[in-house]
Amino acid sequence: MDCDPNIHQSPPRQGEEVLDQGKMGLVVILVGAPGSGKSTFCNDVMVAARRPWVRVCQDTIGNGKQGTKLQCQMSATAALKDGKSVFIDRCNIDQEQRVDFVKLSETGADVHAVVLDLPAKLCISRSVKRSGHEGKLQGGRAAVVVNRMLQKKELPKLCEGFSRITFCQNESDVKDAVKTYSALGPSDTLPAGVFGEKSKESKVQLGIMKFLKKVEKPDKDDSGKDIIPDEHVTHDIIPRPASVGNTCTMELENKNEDDVSMNDNSSSQRSFIGDNHGVPTLAFPSISTADFQFDIEKASDIIVDSVSDFLKRFNNVRLVLVDLSVKSKILSLVREKSTKKHIDSSKFFTFVGDITQLYTRGKLKCNVIANAANWRLRPGGGGVNAAIFKAAGKSLENATKECAETLSPGNSVVVPLPSNSPLHLREGVTHVIHVLGPNMNPQRPNCLNNDYIEGCKVLCNAYSSLFANFASIFKDQIRNESKRNSSGISDSHNLFEGTTSTYSHDSDQKIKQEGHYNSEKNKKYKGFPYSHASKDKVSIPHEDHGYVQSEAPSDVLASNKISSNSMSRAIVDCKIGNNKRSAEVRKRTWGAWAQALHDIALNPEKHKDVVMEMSDAFVVLNDMYPKAKKHILVVSRLQGFDCLADVQQEHLSLLKKMHSAGAKWADRFLREDSSLIFRLGYHSVPSMRQLHLHVISQDFDSTHLKNKKHWNSFNTSFFRDSTDVLEEIEKHGVVTVNDDEKLLTKELRCHKCCSAHPNIPRLKSHITNCKAPLPTHLHDGKLVYAPSNCASGTSSNLS
DNA sequence: GTTCTAGAAC
DNA sequence: GTTCTAGAAC
């Protein structure tokens, strides 16, 4: 094997002992796109290695040419038998590609993953530039391949069978990993676990941890040396087999598998139920995995991660995942994963039974139960939603109406359960939290069409929001208890130290909430100041709302992290008497530079030089810094009407007028240049005051389009199509805005073919030549173009 | 929103 | 050395 030219082996060093067969074998599976530096990593380790390594490279294993996966497996097995450690140098980008190599652990070898998760633009730029690549992937073709590959990237997890995973997100991480592996002596081993996994919003997380007055245990000490994970603190450590009687799977199952009664709990299980000794307990069903058909494997990961993060922050609470049958796959998956993650089983466990009869039939006291609600927050529909509304009686329906009319996916709303509700009287449930998760069922509204990137984000949002609301309920309870009891409760009893949102625990009392931002939070959201219907509303003291919606920002949730923002930054939508949102809450303040449109709209006669059209409702003008060949603004003249969050049902006719005016101007431009295609829409969070509709040609051919923010503000969901806005107002009376600031810093992708590009100049050079049509989702009435222009494949809808 | 500029990336 | 980004200032 040593003579095999396809196997790249580091030379044995003087005095180096050869390992016994299979005794200390180590397989390191590299994971990364072309250009991520896998081969360089292997070579760098092997040059300085203190143990014999073999690099198995699929690009060259077939007599110097590309070979097969099987050849790689066979070579790796042979090398291990020969006492060598092995690098599997291929992309291994998803679980399916890795599974056969993970099986090498059957030889007795330890299997590690080293993930070179470097920025897409870096991989692309390296791949495009390189020459003499073993796999012949270089030049223009490389960008396409890297793009395609990154779209199916699936990061490795311990549960795949790895004993150690090292994530490298920048060059410095890679250097550290090279150092770690090259320093490995013949009989050395590395600690098991996950290392270097940083949330993409590490800056945010830092702020969060500070905000919560907790310090996250770092992966490395000051010297940069790996710290061996402490199983009681670190969560991503190698799973141990759960020992009998010491497992977090304390499920209260029935002996009869299909019987949902809960009277037959074994004595060993019983200690976890009964009186909750005042420990706030939330029972919740699995969100979206039933009728909404969300993949249970992914859902179970999200549940376990969300729970784990929540329990890291709060001690004196219990969370219980409930399902009807002992055969429930989601329960068994969650049990298995929470055991692997060593989640404290007294704080989180699964429970088989009816969520509406947890105490009377299961002796499990839960103060709060979550409902997998529908967006209308109405009874019916079967499943948990129907059961909870039925069990709670009309009072839950009425209480819900008092609090909220609709719910958007990824959000939750707390409804205090009136004391006359049977669910309150019989089961001791004081609050129901309605949660709406993502829908993957094409038969149901808002189906995500198998988009699990978005789906996972929304499901994370849903759980984070749920747990945040649960936390908020009990923070206030403690505060109120302290007030009532003159002896007081010491601060150390306050579960929610560091969080800011507060609730009344009195279920018949209207919810009150107040929030405070520390300076760091204000700084973080500096770029996204919101008016009353937006996320910053928590900073506004409220005295008389009807309900609280809590939402975790997706930037945090993208990494399955529960957000402390969601603990403190509850969204407050107001409903006062006449069902209208309150406009009394403090409005966003605008900088001097943001007033230009406002001044023009209110005094158009003073700006005749720039105003192209004027009516009582709006003015039309060229964007001063057009981001395309044609880019105009239709600006509302209604005073105090600054952004989409201000929009209510009564503004529908105004927005229709603005749309018609914009479409008319687009048609006028098309008569001058029939090659143009226009899109009409609003920025979710505008920079300029006074609501304005952008009418922009899709060439984006402008010197004023200079940075990522410019591009992404027109080419991500930050841009809300006017037709969608009108439809939402008609249906719901309000407009949802995607105000996730991450949208504006996303990687640069062509709006037609979706390819990624490393910087603005490269993107602009690409889009001038890209011949792909605009994506099909825009063809649903969102584009305006000349009938003669077949480029978009449909006809104009607005002429 | 833009401009300016330090410093990172190339 | 030049190009490009991102944050501060306005």
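So you know, we letter chains A, B, ... as the sequences are listed, proteins then strands, and number each from 1.
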Distance in angstrom units between [X] [atom1] and [N] [atom2], rounded:
X       : N       : atom1 : atom2 : value
H757(A) : dT5(C)  : NE2   : C1'   : 18 Å
K709(A) : dT2(B)  : NZ    : P     : 9 Å
H631(A) : dG1(B)  : NE2   : P     : 8 Å
I760(A) : dT2(C)  : CD1   : P     : 23 Å
N759(A) : dA6(C)  : CG    : P     : 10 Å
R762(A) : dC10(B) : CZ    : C1'   : 10 Å
W590(A) : dT2(B)  : CH2   : P     : 15 Å
F714(A) : dG1(B)  : CZ    : C1'   : 11 Å

Would you classify L597(A) as touching base, sugar-phosphate or nothing, given that sugar-phosphate means primed atoms plus P, OP1 and OP2, and contacts are heavy atoms under 4.0 Å?
->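 It contacts nothing in the nucleic acid.
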Contact class for H692(A) vs. all strands (heavy atom < 4.0 Å): base, sugar-phosphate, or nothing?
->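 Touches nothing.
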Do the side-chain N or O atoms of H710(A) get closer than 4.0 angstrom to the phosphate oxygens (OP1, OP2) of dG1(B)?
-> no
Does K764(A) put a side-chain nitrogen or oxygen below 4.0 Å from OP1 or OP2 of dC4(C)?
->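 For K764(A), the contact criterion (side-chain N or O under 4.0 Å from OP1 or OP2 of dC4(C)) is not met.
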With sequence neighbours excluded, tell me which residues meet salt bridge (Lys or Arg N to Asp or Glu O under 4.0 Å) with E454(A).
->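 Not a single residue meets the salt bridge (Lys or Arg N to Asp or Glu O under 4.0 Å) criterion with E454(A).
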Salt bridge (Lys or Arg N to Asp or Glu O under 4.0 Å) partners of D724(A), counting only residues at least two apart = K782(A)
Centres of the F669(A) and F678(A) rings: under 6.0 Å?
-> yes
By ring-ring contact (aromatic ring centres under 6.0 Å, His included), which residues pair with Y682(A), not counting sequence neighbours?
-> none
Are side-chain N/O atoms of R679(A) and Q698(A) paired as donor and acceptor at under 3.5 Å?
-> no
Listed partners of S717(A) passing side-chain contact (heavy atoms from CB on, under 4.5 Å), at least two apart =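 By the side-chain contact (heavy atoms from CB on, under 4.5 Å) rule, S717(A) matches N738(A), L743(A).
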Can you tell which of dG1(B), dT5(C), dT2(B) lies closest to the side chain of L748(A)?
-> dT5(C)
Mind running a 4.0 Å heavy-atom check of residues 696-707 of chain A against DNA chain B and sending the residues that fall below it, in number order?
-> K706(A)
Review item, side-chain donor-acceptor pairs of residues 630-637 of chain A, under 3.5 Å, at least two apart:
unit_1: H631(A); atom_1: ND1; unit_2: K627(A); atom_2: N; d: 3.0
unit_1: H631(A); atom_1: NE2; unit_2: D623(A); atom_2: OD2; d: 3.4
unit_1: H631(A); atom_1: NE2; unit_2: H694(A); atom_2: ND1; d: 2.9
unit_1: S636(A); atom_1: OG; unit_2: L638(A); atom_2: N; d: 3.0
unit_1: R637(A); atom_1: NE; unit_2: A601(A); atom_2: O; d: 2.8
unit_1: R637(A); atom_1: NH1; unit_2: S615(A); atom_2: O; d: 3.1

